[in-house]
There are 2 protein chains.
Amino acid sequence: MFSIGKLSHRTGVKIPTIRYYEKIGLMDEPGRNFGNQRRYTQAELERLSFIKHARDLGLSIASISDLIRLHEHPDHSCAAAHTIAEAHLENTRRKLKKLRKLEKELKRIISHAHGDRINDCTIIQTLTDHRLCSSEH
Amino acid sequence: MFSIGKLSHRTGVKIPTIRYYEKIGLMDEPGRNFGNQRRYTQAELERLSFIKHARDLGLSIASISDLIRLHEHPDHSCAAAHTIAEAHLENTRRKLKKLRKLEKELKRIISHAHGDRINDCTIIQTLTDHRLCSSEH
DNA sequence: ATAAAACCTCTAGCTACTAGAGCTTCAAGG
DNA sequence: CCTTGAAGCTCTAGTAGCTAGAGGTTTTAT
């Protein structure tokens, strides 16, 4: 049995976050001791690790919720889990693509590659006038 | 003079968002016509374009607010604008780095590269047990 | 016995919007 | 001039995923 503090320490999930997960139903309500403090089982620790791990990988709470539901069905469909993960990978790739573009554009703006003089504050100029941008974004 | 609808159309910023920007002070309160409807000037259109562009590049409202303040000071410091942009580029790069790691890890989990059998639902397994991960994340 | 650390609940705040209700004003056609 | 539909108005509440703070109780260690 773990106190919420121990659980937090073991998983790296902050205490208020654990209580928040409980509130939104991502974690089940744990048992309580005589003083009304939460006591967690090993299974609950594992559940929280799962959540933490998935969050670290960028999955939304909704997706994690789905995964947990799949996990709890003894005849759970791996294909469905696969689909969720693939969708998230796709999502991650889209974000990557966008970020790469942004990085490029920011780099260009900062290095005032398109200007002649140094001190015209090309940063503000470029931001004001979209036509000064090299590419769509 | 532009109505809020025209402004929205020209900049690509949604009407409720424009009103939101006004509420938080990012856009100044515009003039009104006799029927109490907002009328925007060319300068206000440019301001909104600036904001839109900066948001598209991923800058936070707070940073944009800072940039606008710099912009409004006639003796504005380009160095300060540079600093804000650089900080944001740094930020973007950090995110990129993290996303790249996530993508790699997701790909690995999905292709169950580490498992032998196909149908153990390695996705859920791996998520439950961090030790099955290849790298830190 | 006492003091500090850990726990409890509850509310409100954060970012950056978005949606909806219920109302008023504007612009164009008849 | 009147009507009708589009566009505008304000206000509140909701979204994701937490985080912070107030004000109280329980546990733990000395």
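Residue numbers begin at 1 in each chain, while the letters A, B, ... track the order of the sequences. Every heavy atom of this structure was used, including side-chain atoms; hydrogens, water molecules and symmetry mates were not.
Not one side-chain nitrogen or oxygen of S3(B) sits closer than 4.0 Å to the OP1 or OP2 atom of dC26(C). Between T17(B) and the phosphate of dA16(C), there is no side-chain N or O to OP1/OP2 separation shorter than 4.0 Å. The side chain of K14(B) places an N or O atom within less than 4.0 Å of a non-bridging phosphate oxygen (OP1 or OP2) of dT18(C). Proximity of Y21(B) to the phosphate of dC17(C): a side-chain N or O atom is located under 4.0 Å from OP1 or OP2.
Nucleotide dT25(D) holds its C1' atom 17 Å from the CZ atom of F34(A), rounded to whole Å. Whole-Å rounding puts the I64(A) CD1 to dC18(D) P distance at 8 Å. Counting to the nearest Å, the P atom of dA7(D) and the CG atom of L7(B) are 15 Å from each other. Rounded to whole angstrom, the span from the CD1 atom of I51(A) across to the C1' atom of dG17(D) amounts to 13 Å. Across the protein-nucleic acid pair, L59(A) atom CG and dG17(D) atom P stand 10 Å apart, rounded to whole Å. The nearest whole Å value for the distance from the CG atom in L57(A) to the C1' atom in dG17(D) is 17 Å. Remark: C1' of dC18(D) and NZ of K52(A) are 13 Å apart, rounded to the nearest angstrom. One interatomic measurement links the two molecules: OH of Y20(B) to C1' of dG14(D), which rounds to 14 Å at whole-angstrom precision.
Among residues two or more places apart in sequence or in another chain, the salt bridge (Lys or Arg N to Asp or Glu O under 4.0 Å) test is passed with E44(B) by none. In this structure, the side chain to side chain contact (heavy atoms under 4.5 Å, CB included) partners of A80(B), at least two apart in sequence or on a different chain, are L70(B), S77(B). In this structure R39(B) satisfies the side chain to side chain contact (heavy atoms under 4.5 Å, CB included) test together with M1(B), S3(B), N33(B), Q37(B), sequence neighbours excluded.
Of the residues near DNA chain D, K6(B) and I61(A), the one whose nearest nucleotide (by heavy atom distance) lies more toward the 5' end is K6(B).
A heavy-atom distance below 4.5 Å is found between the side chains of R93(A) and K107(B). In this structure, the side chains of L48(A) and Y40(A) stay at 4.5 Å or more apart for every pair of heavy atoms. Proximity of T11(B) to L45(B): side-chain heavy atoms (C-beta onward) are separated by under 4.5 Å at one or more points.
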Polar atoms only, N or O, under 3.5 Å: list the protein pairs with nucleotides 9-13 of chain D and their distances.
| unit_1 | atom_1 | unit_2 | atom_2 | d |
| --- | --- | --- | --- | --- |
| dC9(D) | OP1 | R38(B) | N | 2.8 |
| dC9(D) | OP1 | R38(B) | NH1 | 2.9 |
| dC9(D) | OP2 | R19(B) | NH1 | 2.4 |
| dC9(D) | OP2 | R38(B) | NH1 | 3.3 |
| dC9(D) | O5' | R38(B) | NH1 | 3.4 |
| dC9(D) | O3' | R32(B) | NH1 | 3.4 |
| dT10(D) | OP1 | R32(B) | NH1 | 3.4 |
| dT10(D) | OP1 | R32(B) | NH2 | 3.2 |
| dT10(D) | OP2 | R38(B) | NH1 | 3.0 |
| dT10(D) | OP2 | R38(B) | NH2 | 2.9 |

Nucleotides 1-5 of chain C: which of its N/O atoms have a protein N/O under 3.5 Å away?
none

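Salt-bridge formation is detected for the pair R47(B)/E72(B): a Lys NZ or Arg NE/NH1/NH2 atom is positioned less than 4.0 Å from an Asp or Glu carboxylate oxygen. Taking a cutoff of 4.0 Å between a charged side-chain nitrogen and a carboxylate oxygen, R100(B) and E103(B) do not qualify as a salt bridge.
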Report all side-chain donor-acceptor pairs from residues 15-30 of chain A shorter than 3.5 Å, counting only partners two or more places apart or in another chain.
| unit_1 | atom_1 | unit_2 | atom_2 | d |
| --- | --- | --- | --- | --- |
| E22(A) | OE1 | R38(A) | NE | 2.7 |

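Relative to the side chain of S60(B), the nucleotides dA16(C), dC17(C), dG17(D) differ in distance, and dA16(C) lies closest.
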